[in-house]
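Below is one structure; the comments refer to it alone.
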Amino acid sequence: MTATSRTVLVTGASRGIGRAIALGFAKRGYDVALNDIERQSEALGDVAREIEALDQRAVIALADVSRKAEVQAMVAKVEAALGHIDAIVNNAGILISGSVEGLKEEYWDSVLDVNAKGTFLVIQAALPGMKARGYGRIVNIASIGGKHGAPEQAHYSASKAAVMGFTRVLAQEVGVDGITANCVCPGIILTDMGRVNLDDPEIRKSWQDKTALRRIGDPEDVVGAVAFLASDDAAFITGQTLNVDGGIVLS
Ligand code: NAP
């Protein structure tokens, strides 16, 4: 750890995009609080060791982000361990496919609870500390699925659109406190979740063909945009949504 280390809390950090973001911040000199759900504690320990090997502090912060009491305890633990939280990356998310007509109510609830409510709960728990210091960077991982979406993912799309709307209003509420809030929308990224869209070779090819850069993304492709939005270079950017999708949704 360096005396000037910044601190970041990354949710869903045991694998995929969250793991890449956590390591990316450590490489940029941050101490990192690693959240995931309890069943991922072993994998989270591996990420923590990778961060310590980069000479940064790693704090394991288990919690189901959809449960308020767990989230409040997690944020208190991270603040006690790292002193404060400079940046939050709300990355934890789930995707359960199903068409609207047959979708089980419990699937709607789970996807909205983790993706949308989880983002809200983590931010709500961390805001008092950020406000007290007059500084904060919040980056919420939404999805191009929240803008366009794909069949069998209407509830996932709704959850990510909720994250974007929430972030736009949050930015207006907390700007006065020196806190920025932005979204990053990954495209098709090769992770355990991304494989849902990629297992079938024909579907995989069709996604590649729809992508200007003609390739599927790696988790590392998402890191730079997130780190930028958390950095001082992005001090005057808030309430925005940035696609990191190789050119699928063009705006
Ligand atoms: P992933 O490989 O499935 O990793 C997500 C991580 O979040 C897992 O470790 C998961 O644990 C954890 N998690 C799930 N529910 C949680 C909860 N309630 N509390 C805390 N942690 C929880 O997914 P990914 O592809 O890296 O996706 C990361 C983020 O990017 C998600 O928000 C996703 O919606 C978004 N995204 C992904 C893609 C893509 O193509 N991969 C595209 C656009 C957006 P369990 O597996 O044990 O549940």
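Indexing begins at 1, ligand by ligand and atom by atom, following the structure's order.
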- Go through the structure and list residues passing side chain to side chain contact (heavy atoms under 4.5 Å, CB included) with I144, not counting sequence neighbours. C185, N243, D245, I248, V249

- Task: Considering the heavy atoms of G194, write down every atom of ligand 1 situated less than 4.0 Å from one of them.
- Result: 40 (O), 41 (N)

- Location of contacts on P219 toward ligand 1, heavy atoms closer than 4.0 Å: neither

- Task: Report yes if S66 has an N/O atom closer than 3.5 Å to an N/O atom of ligand 1; otherwise report no.
- Result: no

- Relative to ligand 1, is N35 under 4.0 angstrom through side chain, backbone, both or neither, heavy atoms considered? side chain

- With a 4.0 Å cut-off on heavy atoms, does A142 reach ligand 1? yes

- Task: Please state which part of I94 comes within less than 4.0 Å of ligand 1, counting heavy atoms only: side chain, backbone, both or neither.
- Result: side chain

- Message: Just to confirm my output: which protein heavy-atom neighbour is closest to atom 9 (O) of ligand 1, and how far is it?
- Response: D36 OD2, 2.8 Å

- What protein heavy atom is closest to atom 25 (O) of ligand 1, reported as residue, atom name and distance in Å? T191 OG1, 2.4 Å

- Query: Any N or O of I17 that comes nearer than 3.5 Å to an N or O of ligand 1?
  - Reply: yes

- Task: For G16, counting its heavy atoms only, list the atoms of ligand 1 lying under 4.0 Å from any of them.
- Result: 26 (O)

- Reference residue P186; test side-chain contact (heavy atoms from CB on, under 4.5 Å); the match among I141, D221, V226: I141

- Query: Is the shortest N/O to N/O distance between S143 and ligand 1 below 3.5 Å?
  - Reply: no

- Query: T11 near ligand 1, heavy-atom distance under 4.0 Å?
  - Reply: no

- Is the shortest distance from a heavy atom of K160 to ligand 1 less than 4.0 Å? yes

- I189 contact mode with ligand 1 (heavy-atom cut-off under 4.0 Å): both

- Query: For ligand 1, which atoms, with element, lie under 4.0 Å from some heavy atom of S14?
  - Reply: 9 (O)

- Which residue, L127, T238, I179, forms the side-chain contact (heavy atoms from CB on, under 4.5 Å) with L170? L127

- Message: For atom 20 (C) of ligand 1, tell me which residue out of G18, A63, A20 has the closest non-hydrogen atom.
- Response: A63

- Between A43 and ligand 1, which residue portion shows a heavy-atom distance shorter than 4.0 Å: side chain, backbone, both, or neither? neither

- Taking atom 28 (C) of ligand 1 as the reference point, the nearest protein heavy atom with its distance: N91 OD1, 3.1 Å

